[in-house]
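A quick write-up on the structure given underneath.
As a basis for the values below, the full set of heavy atoms in this structure was taken, side chains included, without hydrogen atoms, waters or symmetry mates. What you are looking at is a predicted structure, and each value in this text was computed from that prediction instead of being measured. Position 1 is the first residue of the sequence; numbering continues from there.
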Amino acid sequence: MSAQDSASAGVIHDIGYRRYAGERTSRSGITRALLFSGVLAVFGFGRSGKAKVLPFALLGMTLVPAVIQVGIMSLIGLSADLLNYSAYNAGSSFLVVLFVAAQAPVLFSRDLRSGVISLYLARPLGATAFALTRWASLVLAILAFVLTPLLVLFIGGLAAGASLGEELPRVAVALAGAVLLAMLVATVASLVASWTLRRGLAIAGSIMVLLVGLGVTAGLQEVASTEGATGLAHWAALLSPFVLVDSVQVSLGDATSQFPAPADTVATGLLLLGTALALMVLGMVLLVRRYRSKGA
């Protein structure tokens with residue numbers, strides 16, 4: 001064979017390609033894998049070391065008040081009334097907002113901005129399941145963030161001598177409120193992050209809606225209460241997840257309010273809760289439509 005023939009001949013390279021011989025999971029298996037990988041991604045696992053710094057630093061800061069309260073109870077012997085579970089997340093709302101605003105783009109902005117979402121949605125998991133699974137991942141991550149200090153407060157209080165029978169109903173109200181807060185905040189942050197594809201804008205938008213909205217709502221309630229418009233003051237709680245959860249906890253769980261005008265009757269609390277859940281469902285529908293439009 002001449003040198004020219006040898007140069008024009010093709011060469012086969014062994015690149016080690018092997019067929020996948022493992023178990024092929026079902027649609028539910030794909031959903032579970034996406035769900036838990038999303039939760040881990042929020043806390044920086046599977047990403048660079050720097051990605052883990054912010055979520056765990058914020059988590060550590062939320063634990064500081066709980067550790068201090070338990071320490072005071074243990075050393076000084078103060079009453080268990082110091083353990084105000086229901087007010088804890090409202091008191092640490094700034095840290096909760098920073099955590100959600102910084103981490104929501106990890107789940108929603110990157111896939112949509114890069115355009116690979118169309119490849120994901122070409123697989124058996126469609127737009128609806130993908131969007132709702134991402135939303136559920138954010139909810140679980142927020143739950144881990146807001147429940148951890150409550151559990152530290154509860155377990156530490158029991159170790160310091162608090163009565164289980166007295167503390168269990170109080171912490172149950174706070175845990176239910178934390179679940180509601182996680183779902184509402186996740187809905188707001190996921191919508192902002194999915195429509196604002198740049199990470200910086202998504203962070204700023206979530207902070208604006210959640211944190212500034214909290215201050216505006218509290219101020220509006222104060223003004224409305226002063227002017228005697230109690231109905232307006234109660235319904236203004238819908239403008240902020242933190243104020244809404246506080247109002248529901250007060251009206252349905254006999255908790256102590258941290259805001260000017262909580263719902264004063266069970267009926268008002270139920271109406272606020274039902275309306276908030278309806279708005280949450282609407283937000284999830286908009287999120288799914290966003291994914292369908294980007295994956296088409």
### Message
Tell me if the CZ atom of Arg47 is crowded by more than 12 foreign heavy atoms within 6.0 Å.
### Response
yes

### Message
Taking atom CG as the centre, does Asp264 end up with more than 12 heavy-atom neighbours from other residues, nucleotides or ligands that are less than 6.0 angstrom away?
### Response
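Atom CG in Asp264 is crowded, with more than 12 foreign heavy atoms closer than 6.0 Å.
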
Contact summary for [X] and [Y], nearest pair of heavy atoms:
| X | Y | answer |
| --- | --- | --- |
| Ala218 | Pro260 | O-CG, 3.7 Å |
| Ser251 | Gly269 | OG-CA, 3.2 Å |
| Ala236 | Thr217 | O-CG2, 3.1 Å |
| Ile203 | Ala101 | CG1-O, 3.3 Å |
| Gly157 | Val70 | N-CG2, 4.0 Å |
| Trp195 | Leu286 | NE1-O, 4.5 Å |

Between the side chain of [X] and the main-chain N/O of [Y], is any donor-acceptor distance below 3.5 Å?
| X | Y | value |
| --- | --- | --- |
| Arg199 | Pro105 | no |
| Tyr88 | Thr62 | yes |
| Thr265 | Thr268 | yes |
| Ser93 | Ala90 | yes |

Can you tell me how far the [atom1] atom of [X] sits from the [atom2] atom of [Y], to the nearest 0.5 Å?
| X | Y | atom1 | atom2 | answer |
| --- | --- | --- | --- | --- |
| Leu180 | Leu252 | CG | CG | 10.0 Å |
| Leu132 | Leu35 | CG | CG | 11.5 Å |
| Gln221 | Thr226 | CD | OG1 | 11.0 Å |
| Leu63 | Ile68 | CG | CD1 | 11.0 Å |
| Ser257 | Gln249 | OG | CD | 9.5 Å |
| Arg134 | Ser190 | CZ | OG | 12.0 Å |

### Query
Can you tell me if Thr128 and Arg292 form a side-chain donor-acceptor pair at under 3.5 Å?
yes

### Query
Aromatic rings Phe43 and Phe56: how do their planes relate, parallel, tilted or perpendicular, breaks at 30° and 60°?
tilted

### Task
With sequence neighbours excluded, give me every ring-ring contact (aromatic ring centres under 6.0 Å, His included) pair touching residues 131-165.
Phe99-Phe145

